[in-house]
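Down below is the structure, laid out as structure tokens.
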Amino acid sequence: MAQTATFRTTAGTKTWEISPNKVVDIDGLNTGFELEAEDNSAVEGSPLLNNRGLKKKQLTFSSNLHAALGFDVRAEFESWKVFVGLAGILRFGNERFGSNSWLLTGAKATNIQLDPSGRWRSLKLAFTFEESSDTTVDDIEEAEAAIEAARSATGIGATASFVTAKKAPNSFLAALFKKTTGSELIIALGDIVRFTGGPQYTASTSQNVIKTSAGGLAKVTKFAKTAAHPYFLVSVDDATDVAGWVDAAQVTV
């Protein structure tokens, strides 16, 4: 698999890739720097002041999706809904892009082609990003490293960097740090998580399987910390139809 780019957010990670199972390319990449000037009236008798700076960078590109290449293009489009309005780390290849996080401001489908049955066969998906000044990529990566340390160190207190990052007022970091220390998962009621697939149960302590579903994005609507199946998930995309209690091992952030 050749992974062209990734966008990592609190709702999960989206990828642009060329693989046997999925082809999502990047076309027409555009970005740049633009001067922003603010004129200020000067004190009488003094010259007019002109404060200059750079506007937030914009980034746009599109992807061409085709059902003939092996996946559901409408489901791929719908899966982007929960990511619009979120800031995250944008990488091209293995290199992060920019020193700040990026806010996804739009994911618009155009040139939609239908087959005779009304199914979506192809489309162009246009993405628009804006540089976010709320937090830097270094802040996010430090926070993520602290999270991984906290999740893998049962009974060990949070690191200094973890505590520092947890105090940050940024909403991106705040979402990352719900239920954090020790061996607990970083998941809280209302969070959007990634369901990895598998069976769902009628109750958190039951062994009665409702059904088995494919993986996808889902919302945590109930939580039973010490139960065998601690999370009740409800699907928020078309990739999965999960609606039941699941194991902790089936849930990632």
Side-chain angles (χ1 to χ4, degrees), residues 1-19 21-36 53-65 69 71 73 75-110 123-148 161 165-166 168-178 186 191-194 215-217 236-237 239 252-253:
M1 177 183 71
Q3 195 172 87
T4 307
T6 60
F7 180 52
R8 185 173 185 181
T9 75
T10 55
T13 300
K14 296 294 286 185
T15 63
W16 292 263
E17 64 186 57
I18 308 297
S19 73
N21 298 322
K22 183 178 180 181
V23 177
V24 181
D25 65 349
I26 290 180
D27 183 42
L29 180 65
N30 294 286
T31 190
F33 302 100
E34 186 177 355
L35 183 66
E36 182 174 50
L54 292 178
K55 292 182 179 179
K56 290 182 178 180
K57 280 194 296 186
Q58 307 292 316
L59 178 70
T60 63
F61 60 85
S62 61
S63 296
N64 299 291
L65 311 184
L69 298 176
F71 67 104
V73 297
E76 177 68 19
F77 165 69
E78 295 289 349
S79 71
W80 279 96
K81 180 179 180 180
V82 297
F83 290 86
V84 175
L86 294 182
I89 299 174
L90 187 61
R91 286 187 173 91
F92 292 100
N94 294 321
E95 294 185 9
R96 69 191 191 192
F97 186 72
S99 59
N100 290 337
S101 57
W102 288 87
L103 179 70
L104 178 62
T105 58
K108 182 178 180 181
T110 61
L123 59 82
K124 180 182 286 289
L125 188 53
F127 300 98
T128 56
F129 292 87
E130 180 181 279
E131 189 177 24
S132 174
S133 59
D134 290 339
T135 187
T136 67
V137 171
D138 288 335
D139 290 335
I140 297 170
E141 290 185 331
E142 180 183 18
E144 289 179 331
I147 287 170
E148 292 303 317
S161 61
K166 188 174 181 180
N170 179 266
S171 59
F172 183 92
L173 296 180
L176 284 177
F177 287 109
K178 293 175 180 176
I186 312 156
D191 280 358
I192 302 298
V193 297
R194 183 165 297 280
L217 295 178
V236 296
D237 68 14
T252 63
V253 295

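Listed here is the closest heavy atom pair of Lys14 and Ser79: NZ-OG, 2.7 Å. Between Ala107 and Phe77, the shortest heavy-atom contact is O-CE1, 3.6 Å.
Listed by chain and number, the residues in a side chain to side chain donor-acceptor pair (under 3.5 Å) with Thr105 are Thr128 (sequence neighbours excluded). Residues forming a ring-ring contact (aromatic ring centres under 6.0 Å, His included) with Phe7 (at least two apart in sequence, or on another chain): Phe129. With sequence neighbours excluded, no residue forms a salt bridge (charged side-chain N to carboxylate O under 4.0 Å, His left out) with Asp25. When the ring-ring contact (aromatic ring centres under 6.0 Å, His included) test is applied to Phe83, the partners found at least two apart in sequence or on another chain are Trp80. In this structure Lys108 satisfies the side chain to side chain donor-acceptor pair (under 3.5 Å) test with no other residue, sequence neighbours excluded. Applying the side chain to side chain donor-acceptor pair (under 3.5 Å) test to Glu34 and every residue at least two apart in sequence or in another chain returns Lys55. Every residue was checked against the side-chain contact (heavy atoms from CB on, under 4.5 Å) condition with Lys81, not counting sequence neighbours, and none meets it. The side-chain contact (heavy atoms from CB on, under 4.5 Å) check on Glu78 picks up Arg74, Asp238, with sequence neighbours excluded.
For the pair Arg194 and Leu217, the minimum side-chain heavy-atom distance is below 4.5 Å.
There is no side-chain donor-acceptor pair under 3.5 Å between Ser132 and Lys56. Side chain to side chain, Trp16 and Ser63 meet the donor-acceptor criterion of an N or O pair below 3.5 Å.
Rounding to the nearest 0.5 angstrom, the gap separating the NZ atom in Lys124 from the CG atom in Asp27 is 5.0 Å. Rounding to the nearest 0.5 Å places CG of Asn64 at 8.5 Å from CG of Leu123. Going from atom CZ of Arg91 over to atom OG1 of Thr13 covers 9.0 Å, rounded to the nearest 0.5 Å. The distance from the CD1 atom of Ile89 to the CG atom of Asn100 is 11.5 Å, given to the nearest 0.5 Å.
With Asn30 contributing its side chain and Gly28 its backbone, the two residues share a donor-acceptor pair below 3.5 Å. Checked by atom type and distance alone, the side chain of Asp237 never pairs as donor or acceptor with a backbone atom of Gly216 at under 3.5 Å. Between the side chain of Trp102 and the backbone N or O of Leu59 there is no donor-acceptor pair closer than 3.5 Å.
Note on ring orientation: taking the six-membered ring where Trp is involved, the planes of Phe61 and Phe127 are tilted (angle from 30° to 60°).
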Going through the distances and angles, do Leu86 and Leu103 end up as a side-chain contact (heavy atoms from CB on, under 4.5 Å)? CA-CA 6 Å; Leu86 294 182; Leu103 179 70; 5.7 Å; no
Test Arg8 against Arg96 for side-chain contact (heavy atoms from CB on, under 4.5 Å), laying out the working first. CA-CA 11 Å; Arg8 185 173 185 181; Arg96 69 191 191 192; over 6 Å; no
Under the side-chain contact (heavy atoms from CB on, under 4.5 Å) rule, what do Val193 and Thr252 come out as? Steps first, then yes or no, please. CA-CA 6 Å; Val193 297; Thr252 63; over 6 Å; no
Checking Thr31 against Phe97 for the side-chain contact (heavy atoms from CB on, under 4.5 Å) test, could you report, in this order, the C-alpha distance in whole Å, the side-chain angles of both residues, the deciding distance, and whether it holds? CA-CA 11 Å; Thr31 190; Phe97 186 72; 4.1 Å; yes
